[in-house]
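The structure presented is a predicted model; accordingly, all values stated were derived computationally and were not measured.
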Amino acid sequence: MNPTRSKICKAALIFLSVLLLSASIELFFFNYHAIRYRDNSKVALESAQLLSGSSGFKLNGTSLISTRENASVLCKLPNSYYSKLVINYESTGDSDSDSTYTINYSSTDSNGQAITTTTKDSYDYRLNKAVTNVGENISGINIVFASNDIKIQSISLTNEIQFNILRYVFMVISGILIAFVFLSKKIMAERIEIAFLITALMLGTIMIFLMPLKNPVTWDDDTHFGRIYEQSYAGEIEWTQGAYDYGHREVPLANTIEDKADVMQLLNKEDSNGDIISKSDKSLYIPYNYLSYLPQSITMFLARSLHMSFTSVLTVSKMGGLLFYSLIVCAAISIAKFGKRIISVVALMPTPLFLASNFSYDPFLIALMFLAFAVFT
């Protein structure tokens with residue numbers, strides 16, 4: 001076996017090992033309680049069952065409708081471990097902000113004493129399901145809804161095996177990066193620019209995929225998104241409801257993987273239903289202060305031309321900015337006569353890399369600044 005083939009086989013074996021190890025950790029470690037308590041995987045409470053323990057609700061057909069603020073629902077449960085609380089609802093409100101609810105869990109401590117744990121979550125009037133992570137042994141819950149705008153169909157507590165794809169992607173990319181750092185010492189020492197490029201792209205990709213959809217995430221990213229979105233059109237700009245919501249900080253809050261999937265579905269539906277809420281004409285001329293948005297606006301244009309979903313367009317646009325930042329800094333490191341490690345360390349610092357993985361013009365300027373120093377020194 002020649003050396004090249006040997007290295008390819010070794011890399012493939014490491015990659016496969018990372019995939020399998022990450023899958024095993026996701027299935028057996030993070031789903032330990034679901035496997036251990038699999039006999040009690042779901043408890044579903046319909047509206048009629050919830051009525052007896054409710055305050056400030058009335059039964060209307062198969063739904064509970066709140067009649068006042070701070071209406072509450074009390075649920076007695078089989079004492080067991082539950083991973084998630086799921087509320088299926090309709091919201092009668094039209095507020096631009098999320099409505100909140102408070103959850104009080106009844107459980108016992110190690111000494112058998114009754115304790116109450118309190119947490120808060122929110123629901124949005126545009127969705128019909130709210131999911132809260134529980135992760136506790138509980139015997140009952142009391143849910144208090146701050147606003148008088150909810151119609152509850154059912155409340156469920158689940159403990160089902162779940163494969164969290166976002167966590168799996170994080171573990172796979174992290175595992176590959178760790179293997180690269182420890183097993184590619186020659187590249188790390190002699191080809192610093194390649195080491196930087198691989199590291200920056202991997203870390204940036206993790207940030208892009210795990211970043212919350214609700215903005216602002218970075219400084220003024222709603223403003224930067226609006227400029228990038230407008231620049232991605234060659235002529236007439238068409239603002240869809242999904243783009244408008246993202247650009248005006250009206251994306252629902254998502255703090256569980258189920259919530260994030262529902263929010264993504266909402267934004268994609270708002271963008272693809274054909275409703276254009278506003279149009280405006282645009283010149284082909286690009287102002288000087290908008291040139292820094294070109295990597296992201298070009299990739300956004302390409303992604304939209306391929307009829308990708310709105311959330312995929314966001315991801316591709318961010319990847320375009322990250323790729324430009326990584327390649328330009330890689331070129332700067334390659335041609336620099338000295339200070340290669342200093343450039344790579346500074347460019348991999350959390351803030352510049354974080355900005356490069358989001359909507360911003362700073363990474364464009366930072367990358368070209370590194371390149372200018374490398375060229376003229």
Side-chain angles (χ1 to χ4, degrees), residues 3-4 7-8 11 14 173-211 217-221 223-225 227-228 231-232 285-303 314-377:
T4 302
K7 290 179 180 179
I8 293 174
I14 292 172
I173 296 179
S174 299
I176 293 173
L177 182 57
I178 292 171
F180 170 74
V181 170
F182 283 99
L183 300 177
S184 303
K185 295 180 180 179
K186 186 175 182 180
I187 295 178
M188 297 289 289
E190 299 177 5
R191 300 297 304 275
I192 301 173
E193 67 277 8
I194 301 299
F196 165 82
L197 182 63
I198 294 173
T199 304
L201 289 176
M202 286 189 175
L203 292 178
T205 300
I206 290 176
M207 292 182 183
I208 290 172
F209 277 97
L210 301 186
M211 208 74 68
V217 177
T218 61
W219 298 273
D220 303 317
D221 63 346
T223 301
H224 296 306
F225 165 77
R227 294 173 178 176
I228 292 168
Q231 191 168 282
S232 67
Y285 172 75
I286 301 176
Y288 178 77
N289 59 333
Y290 275 43
L291 291 174
S292 56
Y293 297 122
L294 280 175
Q296 293 173 314
S297 60
I298 291 173
T299 48
M300 181 176 286
F301 167 78
L302 293 175
L314 294 179
T315 300
V316 171
S317 181
K318 292 178 180 179
M319 288 296 296
L322 173 65
L323 183 61
F324 177 86
Y325 174 82
S326 303
L327 289 175
I328 295 300
V329 175
C330 175
I333 296 171
S334 178
I335 65 177
K337 297 179 177 62
F338 59 89
K340 295 177 181 286
R341 288 181 175 82
I342 295 176
I343 295 176
S344 62
V345 168
V346 174
L348 284 174
M349 290 181 70
T351 300
L353 193 58
F354 177 69
L355 287 171
S357 305
N358 285 279
F359 295 121
S360 177
Y361 59 60
D362 293 349
F364 184 92
L365 303 177
I366 293 171
L368 291 179
M369 180 186 67
F370 281 130
L371 183 62
F373 276 119
V375 169
F376 294 109
T377 55

(message) Quick check: closest heavy atoms across Ile335 and Ala374, and the distance to 0.1 Å?
(response) CG1-CB, 3.8 Å

(message) Run the side-chain hydrogen bond (donor to acceptor under 3.5 Å, both in side chains) test against Thr315 and tell me which residues pass, sequence neighbours left out.
(response) none

(message) Just verifying a value: how many Å separate Leu355 CG and Ile366 CD1, rounded to the nearest 0.5 Å?
(response) 6.0 Å

Show every donor-acceptor pair shorter than 3.5 Å between a side-chain atom in residues 320-331 and any protein atom, with sequence neighbours excluded, or say none if there are none.
residue : atom : partner : partner atom : Å
Tyr325  : OH   : Ala347  : O            : 2.7
Ser326  : OG   : Leu322  : O            : 2.9

(request) Could you pull out all residues at least two apart from Phe373 that satisfy ring pair (Phe, Tyr, Trp, His ring centres under 6.0 Å)? (result) none

(request) List for me each residue that meets side chain to side chain contact (heavy atoms under 4.5 Å, CB included) alongside Ile178, sequence neighbours excluded, and say none if there are none. (result) Phe182

(message) Return the CG to CG distance between Leu291 and Leu365, rounded to the nearest 0.5 Å.
(response) 10.0 Å

(request) To the nearest 0.5 angstrom, please state how far the NZ atom of Lys318 sits from the CG atom of Asp221. (result) 7.5 Å

Between side-chain atoms of residues 187-211 and protein atoms elsewhere (two or more places apart, or another chain), which donor-acceptor pairs fall under 3.5 Å?
residue : atom : partner : partner atom : Å
Arg191  : NE   : Glu193  : OE2          : 2.9
Arg191  : NH2  : Glu193  : OE2          : 3.2
Thr199  : OG1  : Ala195  : O            : 2.7
Thr205  : OG1  : Leu201  : O            : 2.5

(message) Quick one about Tyr361 and His224 (side-chain donor to acceptor, distance below 3.5 Å, no hydrogens or angles considered), yes or no?
(response) no

(request) Could you tell me which residues satisfy side chain to side chain contact (heavy atoms under 4.5 Å, CB included) with Ile298, sequence neighbours excluded, listed by chain and number? (result) Leu294, Leu302

(message) As an exercise, state the distance from CZ of Arg227 to OH of Tyr293, rounded to the nearest 0.5 Å.
(response) 4.0 Å

(request) Quick one: pull up CG in Leu353 and OG in Ser357 and give me the separation to the nearest 0.5 Å. (result) 4.5 Å

(message) Between Ser317 (side chain only) and Thr299 (backbone N and O only), is there a donor and an acceptor less than 3.5 Å apart?
(response) no

(message) Just to verify, what does Phe359 make a ring pair (Phe, Tyr, Trp, His ring centres under 6.0 Å) with, not counting sequence neighbours?
(response) Phe225

(message) Just checking Phe364: does its CZ atom have more than 12 heavy atoms from other residues, nucleotides or ligands closer to it than 6.0 angstrom?
(response) yes

(message) Just verifying a value: how many Å separate Asn358 CG and Asp220 CG, rounded to the nearest 0.5 Å?
(response) 12.5 Å

